[in-house]
Amino acid sequence: MNIAFAFKNFDPSDHLKKYARRRMEKLGRFFGKGADLDVNVVLSVDKFRHRCEVTVSGEGLHINAAEQAQDMYAAIDLVNDKLESQIKRKVSRVKEHRRKARNADIDVFTFNVDAEPEEDQEVIGTDRFAPKPLHVDEALMQLDSIGSEFLVFLNAENNRVNVVYRRRTTGYALIDPIL
């Protein structure tokens, strides 16, 4: 976590710098030790208003917060509380999105290999690929991330080639051929 400070209209004390740095470093507990985040802190004084503005950016994240109070320490605390609530909200949204992808409605049906194909149809081309071994919930997440209508994968649970696709109505469906 890279923390940069800017001070406007006053000279900061060492204690204030240490206090602000410690408060901003506590935000790192939400992202882990290896997080590559840039935190810009702007502390300013206008007559009797002490203002603190913080911008956190990096890893697909961009959060701004600003507060003012009667003293600089209180402004730093207020901004830190605001940032914590914004980060918690963002983390809960990501978790909820993953939870929805994992618990998606899946209709399972079998493909009949013995059915007779119609005579008028013709195969135009052939694609060859090596499917990845995935679990069904991982395949659903990958289907959402690539934005395709279907995904062919090797089911890690039963070692068979499966197809998961997006239904026209809500939900997903899984094709699991039995040979």
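Excluded from the calculations below are hydrogen atoms, water molecules and symmetry mates; all remaining heavy atoms, backbone and side chain alike, are included. Since the structure is predicted, the reported quantities are computational estimates derived from the model, not experimental observations.
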Residue pair A74 / D71: nearest heavy atoms and the distance that separates them: CB-OD1, 2.9 Å
L83 side chain reached by V56 side chain, heavy atoms, under 4.5 Å: yes
Neighbour count above 12 (heavy atom, 6.0 Å) for E96 CD: yes
Please check if the distance between the ring centroids of Y73 and H15 is under 6.0 Å. yes
Group every Ile, Leu, Val, Met, Phe, Trp and Tyr by side-chain heavy-atom contacts under 4.5 Å, then state whether L134 and M141 land in the same group. no
Heavy-atom side-chain contact between F5 and R21 under 4.5 Å: yes
State whether a side-chain donor-acceptor pair under 3.5 Å links N9 with S44. no
Is a side-chain donor-acceptor pair under 3.5 Å present for Y19 with D14? no
Would you say the side chain of Q142 lies within less than 4.5 Å of the side chain of L151, judging by non-hydrogen atoms? yes
Start with the C-alpha gap between K17 and F7, add the side-chain angles, then the distance that decides, and say whether side chain to side chain contact (heavy atoms under 4.5 Å, CB included) holds. CA-CA 10 Å; K17 285 182 187 178; F7 302 97; 3.9 Å; yes
With a 3.5 Å distance limit and no angle check, can you tell me whether K82 reaches the backbone of A66 through a side-chain donor-acceptor pair? yes
Gap between atom CG of L16 and atom CG of L43 - 0.5 Å precision: 6.0 Å
Kindly give the heavy-atom pair with the smallest separation between V79 and C52, and that separation in Å. CG2-O, 3.2 Å
Taking the side chain as every heavy atom from C-beta outward, state whether V39 and M1 have any pair of such atoms under 4.5 Å apart. yes
Pick out which of K95, K88, R89 makes a side chain to side chain contact (heavy atoms under 4.5 Å, CB included) with V91. K95
Are any of the side-chain nitrogens in R51 or E67 under 4.0 Å away from the carboxylate oxygens of its partner? no
CD-CG distance between Q86 and L61, expressed to the nearest 0.5 angstrom: 9.5 Å
Here the gap from L78 atom CG to N80 atom CG, rounded to the nearest 0.5 Å, amounts to 10.0 Å
Would you say F10 and H50 make side-chain contact, with heavy atoms under 4.5 Å? no
Is there a donor-acceptor contact under 3.5 Å from the side chain of D46 to the main chain of R49? no
Determine, step by step, whether Y172 and L140 satisfy the side chain to side chain contact (heavy atoms under 4.5 Å, CB included) criterion, reporting the C-alpha distance in whole Å, the side-chain angles of both residues, the deciding distance to 0.1 Å, and the verdict. CA-CA 8 Å; Y172 300 93; L140 288 173; 3.5 Å; yes
Please report the interatomic distance CG(D176) to CG(N162), rounded to the nearest 0.5 Å. 4.0 Å
Got H62 and S57 here, is their nearest side-chain heavy-atom distance under 4.5 Å? yes
Side chains of N2 and D36, heavy atoms from C-beta outward: is any pair under 4.5 Å? yes
For a side chain to side chain contact (heavy atoms under 4.5 Å, CB included) check, start with the C-alpha distance between K8 and V42, then their side-chain angles and the critical distance, and finish with the verdict. CA-CA 8 Å; K8 294 181 181 178; V42 178; 4.0 Å; yes
How close do R166 and S148 get, heavy atom to heavy atom, and via which atoms? NH2-O, 2.8 Å
Can you confirm whether I87 sits close enough to E84 that some side-chain heavy atom of one is under 4.5 Å from a side-chain heavy atom of the other? no
Please round to the nearest 0.5 Å and tell me the distance separating atom NE2 of H135 and atom CD of E157. 6.0 Å
To the nearest 0.5 Å, tell me how far M24 CE sits from L37 CG. 13.0 Å
